[in-house]
Number of protein chains: 2
Amino acid sequence: MTRADSPLSPTDKPRRGRPRGAPDASEARQKLIRAGLEHLTEKGYSSVGVDEILKAAGVPKGSFYHHFKGKADFGLALVAAYNTYFVDLLDRAFLDEARAPLDRLRAFTETAEEGMARHGFRRGCLVGNLGQEMGALPDDFRAALTGVLEDWQARTARLLRAAQAQGELGPHHDPDALAETFWIGWEGAVLRAKLELRPGPLRRFAGTFFRLIES
Amino acid sequence: MTRADSPLSPTDKPRRGRPRGAPDASEARQKLIRAGLEHLTEKGYSSVGVDEILKAAGVPKGSFYHHFKGKADFGLALVAAYNTYFVDLLDRAFLDEARAPLDRLRAFTETAEEGMARHGFRRGCLVGNLGQEMGALPDDFRAALTGVLEDWQARTARLLRAAQAQGELGPHHDPDALAETFWIGWEGAVLRAKLELRPGPLRRFAGTFFRLIES
DNA sequence: GATTTATTAGACGAATCGGTCTAATAATAA
DNA sequence: TTATTATTAGACCGATTCGTCTAATAAATC
């Protein structure tokens, strides 16, 4: 064994020719994801054409079908990208030890409202949008979307348990049930805010939610 | 004035030729509305084509464009039809004097769940569906959809006030805010139930909602 | 250099989109 | 019957849908 193997390649297949770039690093791919998120959070999956995204991203069709198997595959990639973005947003609020747990949840709702305001309440939640369109989507989306929501809920339940531990939330509450109800309602509020183009529904839902669980 | 005027015609224009049928009675129109509701509650507006509805209704294209100005006009007619159907459903539950007011709201959620179960949780709420698609819809839809939701909310607030009058609901609650929160959450629950193809979200939301306001 | 593979580039195609159009048929008044 | 209007019937149209295909270019190894 005189020659050293490529140190990072897991399989010993001797690769030749131009190497694959890091699977996500491709500039074209990133531009497509970004443009896709902007368009799909606003208009959903069915009413946005591939060509529309290509034009917005400034990327030719060849690249799109090189990086993605098709529109559905692209959609699933968007869900994954949206989830990592969103989980980061959640963590930033939920893990802020400077605040009391319940206050962190409230802080999230405020940050989310600012996010919607930044786009004139025209962009909603990708997961909510696609969930509503599920009847017209390939079936893989179902597991992907529910998985994402369950993840968000689990993080929220954890937060609510911390609130209970600190006596901020009554011990008679069920954190899991409460977390699920929160996300059910929050998705509804985002939908409604997008419909009315104003923050009212977000505030109204968060307001009554917190008032009810704190009494 | 020897000759009697047509007793029902409001304007005195002497109409000749084949008379217009009652604007809603047309069989073709009814079939289109029914097929449209079935398809749009399941798959939304953007992903359902006019041809698909024609085929399901067994009605030729000429009829469609005779009765409706276009797809958007048809969509608005569907919203109106859905609203009258839904308001009837609401009234049947909300005006049932045999039950206590809050119990009538609970009865509605149960009836609604049965309705969704009847279609395997594949059909959602037309208003929620179109609301989510608002970014891709003609702007007339916004007022139509918000109007419908406000109507449902007003009926619910009335019911909640009755609950307060009977001491079933604490006087510190704001019926209007509570009604809005209910519908925000309920739409979210319907969306989620459709995504998961099961009644869990409906029950979970209704359960925590009633538990919270009754404590 | 030659070779091999990754990626870009966009013309092209079959299918479907919403919508128009003309002709036929139905139902009534005159 | 004749005239007039409502309604049905579906062929047809231009635009857009998602996806394929071939050729060119880039980046690496040998």
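These numbers come from the heavy atoms of this one structure, side chains and all, not from hydrogens, waters or symmetry mates. Source: prediction; values computed, not measured. Below, chains carry the letters A, B, ... as their sequence lines are ordered, and counting in each starts from 1.
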Requested in this report: Can you check whether any acceptor in the base of C:dG19 is under 3.5 Å from a donor in the side chain of B:K71, or vice versa?
Outcome: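 Not at all, since no donor on one side and acceptor on the other fall under 3.5 Å apart.
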Length of the [atom1]-[atom2] vector between [X] and [N], whole Å:
X	N	atom1	atom2	answer
B:F74	C:dG19	CZ	C1'	15 Å
A:K61	D:dC18	NZ	P	8 Å
A:E52	D:dT17	CD	P	7 Å
A:F68	D:dT20	CZ	C1'	18 Å
A:E27	D:dT25	CD	P	20 Å
B:L137	C:dG18	CG	C1'	14 Å
A:L54	D:dT16	CG	P	15 Å
B:K55	C:dG18	NZ	P	14 Å

Report task. Report the C-alpha distance between B:D174 and B:R161 in whole Å, list the side-chain angles of each, state the deciding distance to 0.1 Å, and finish with yes or no for salt bridge (Lys or Arg N to Asp or Glu O under 4.0 Å). Result -> CA-CA 9 Å; B:D174 174 355; B:R161 271 187 285 272; over 6 Å; no
Report task. Scan A:G62 against the nucleic acid and name what it touches under 4.0 Å (heavy atoms): base, sugar-phosphate only, or nothing. Result ->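 Base contact.
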Nearest-nucleotide pick for [X], side chain only, options being [options]:
X	options	result
A:S63	C:dT8, C:dG19, D:dA9	C:dT8
A:A28	C:dT8, D:dC18, C:dT20	C:dT8
B:H67	C:dG18, D:dT7, C:dA6	D:dT7

Do [X] and [Y] have side-chain N/O donor and acceptor atoms under 3.5 Å apart?
X	Y	answer
B:W183	B:T156	yes
B:E133	B:S46	yes
B:N129	B:K43	no

Requested in this report: Over 60° means perpendicular and under 30° means parallel, so classify the ring planes of B:Y45 and B:F141, tilted if in between.
Outcome: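 Perpendicular, since the angle between the ring planes exceeds 60°.
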Query raised in the report: Is any side-chain nitrogen or oxygen of A:H66 closer than 4.0 Å to OP1 or OP2 of C:dT7?
Result: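 Checking A:H66 against C:dT7: at least one side-chain N or O falls below 4.0 Å of OP1 or OP2.
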